[in-house]
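Input: a single structure, listed below in structure tokens.
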Amino acid sequence: MTQLSPARFAARLPRTVTPLVRGLALASLVSQILIVVTGGAVRLTASGLGCPEWPRCTAESMVATPEMGMHGVIEFGNRLLTFVLTAIAIAMLVSLWNMRRTRRDLFIPAVVLLAGIPAQAVVGGITVLTQLNPWVVGWHFIISMILIVVATVLVNRARLTDAETGADTEPRAAPLLRQLLVAAAGLVAAAVLLGVVVTGSGPHAGDSGAARNNLNPDLMTRIHAAPVYLLVLTVVLLVVAAYRLRVAPRLRGALVLLAVVVLAQGAVGYLQHFLHLPVALVALHMLGASLLTAATAHAVYVGFTRRRADQA
């Protein structure tokens, strides 16, 4: 049986963007969102200290033991998902190896996503070692949002052929729309950051003995709602302007998608608050935060990316 040398293996890798590359880019985004949801499940089931040690699960075991019960299974399962993310990130990077110089717009985001995994693992370890300090937990979530943005850009760039990346001439969106997109992105960032603070003041700490940030949850919720109101108004203006200016279909679709996600996330947020934070709605709100981040990054990318003069 002939061994496959590194040179031969590299020769078999794609030299242009293929369906495999696009599929891995999409898998990168989906997996980044999925680990946010499973991380939320860890917190919402009070399993944050299901594995009380790091990097081992216990001082004597790398894996959860039967004595640790369901909390150990949930927390260790979330840790295992890191290996899935790692496999996808490595596969993404390998698939781009022959394009590392010609398609740096793909290769660099792929490197960032791979580097983000051990960074998140370290922050996760600090989270456990600090007994679920709410500020550390918050940073864990914020880093995930940043990686979702990077993965969204990667998905968009993977749609372009080599010729399309070198034939850009003019912005896709008019100045007014670009200004509104910047405002929307800033408001989404503010809403997400304040949402982290609200979470740190609320009842779902990840463990019955975990500390809270000692801020008033009702007051922080009202502060968190302020950028949300402004975001809804900004997105409505974006959609109206997009139809009045007859923008390109892809940009119009991205803005409509953003509007749908914003309204849905706002509705879930209000509902969970008035129903006193039921676990299912809080989990849905965490998924919504991930989708909102991705939809915003997508709209900004489409609005600011340059296009050929002959493109619609």
Output the distance between atom [atom1] ([X]) and atom [atom2] ([Y]), rounded to the nearest 0.5 Å.
X	Y	atom1	atom2	answer
Leu181	Gln179	CG	CD	10.0 Å
Asn216	Ile223	CG	CD1	9.0 Å
Ile35	Ser290	CD1	OG	11.0 Å
Asn214	Ser201	CG	OG	10.0 Å
Leu251	Leu238	CG	CG	8.5 Å
Trp54	Thr130	CH2	OG1	12.0 Å

Under a single-linkage definition using a 4.5 Å side-chain heavy-atom cutoff for Ile, Leu, Val, Met, Phe, Trp and Tyr, are [X] and [Y] assigned to the same hydrophobic cluster?
X	Y	value
Met92	Val149	no
Leu177	Phe304	yes
Ile148	Val196	yes
Ile142	Leu194	no
Leu258	Met145	yes

Inset, instruction - Test Ser144 against Gln120 for side chain to side chain donor-acceptor pair (under 3.5 Å), laying out the working first. - result: CA-CA 8 Å; Ser144 285; Gln120 277 289 62; 2.8 Å; yes
Report yes or no: does [X] contribute a side-chain atom to a donor-acceptor pair with the main-chain N or O of [Y] at less than 3.5 Å?
X	Y	value
Arg56	Glu60	yes
Arg22	Ala158	yes
Gln32	Ala151	no
Arg212	Gly202	yes
Arg157	Arg103	no
Thr18	Pro14	no

Within-4.5 Å side-chain heavy-atom neighbours: [X] and [Y]:
X	Y	value
Asn156	Thr305	no
Val137	Asn133	no
Met286	Thr199	no
Thr296	Val261	no
His204	Val282	yes
Leu154	Leu29	no
Trp135	Asn213	yes
Leu49	Glu75	no

Inset, instruction - Take atom CZ of Arg159 as the centre, draw a 6.0 Å sphere, and report whether it contains more than 12 heavy atoms from other residues, nucleotides or ligands. - result: no
Legend entry - Leu114: which of Ile88, Leu93, Leu85 passes side chain to side chain contact (heavy atoms under 4.5 Å, CB included): Leu93
Legend entry - Stepwise side-chain contact (heavy atoms from CB on, under 4.5 Å) test for Thr127 and Trp139: CA-CA 9 Å; Thr127 300; Trp139 273 110; over 6 Å; no
Legend entry - Derivation of the side-chain contact (heavy atoms from CB on, under 4.5 Å) call for Arg252 and Val302: CA-CA 9 Å; Arg252 186 170 62 247; Val302 175; over 6 Å; no
Inset, instruction - For the pair Asn78 and Thr38, evaluate side chain to side chain donor-acceptor pair (under 3.5 Å) and give the outcome as yes or no after the intermediate values. - result: CA-CA 6 Å; Asn78 186 59; Thr38 60; 2.7 Å; yes
I need the minimum non-hydrogen distance between [X] and [Y], along with the two atoms involved.
X	Y	answer
Leu284	Gln265	O-OE1, 4.4 Å
Ala254	Ala299	CB-CA, 4.0 Å
Ala191	Val228	CB-CG2, 4.1 Å
Pro109	Leu106	CD-O, 3.3 Å
Ser95	Val21	OG-CG2, 3.9 Å
Ile74	Ser47	CD1-OG, 3.7 Å

Inset, instruction - Show your working on side-chain contact (heavy atoms from CB on, under 4.5 Å) between Leu96 and Arg100 and close with a plain yes or no. - result: CA-CA 6 Å; Leu96 294 171; Arg100 63 190 183 278; over 6 Å; no
N/O donor to acceptor pairs below 3.5 angstrom from side-chain atoms of residues 270-281, sequence neighbours left out:
residue, atom, partner, partner atom, Å
Tyr270, OH, Tyr229, OH, 2.3

Legend entry - Worked check of side-chain contact (heavy atoms from CB on, under 4.5 Å) between Val63 and Cys57: CA-CA 5 Å; Val63 301; Cys57 191; 5.6 Å; no
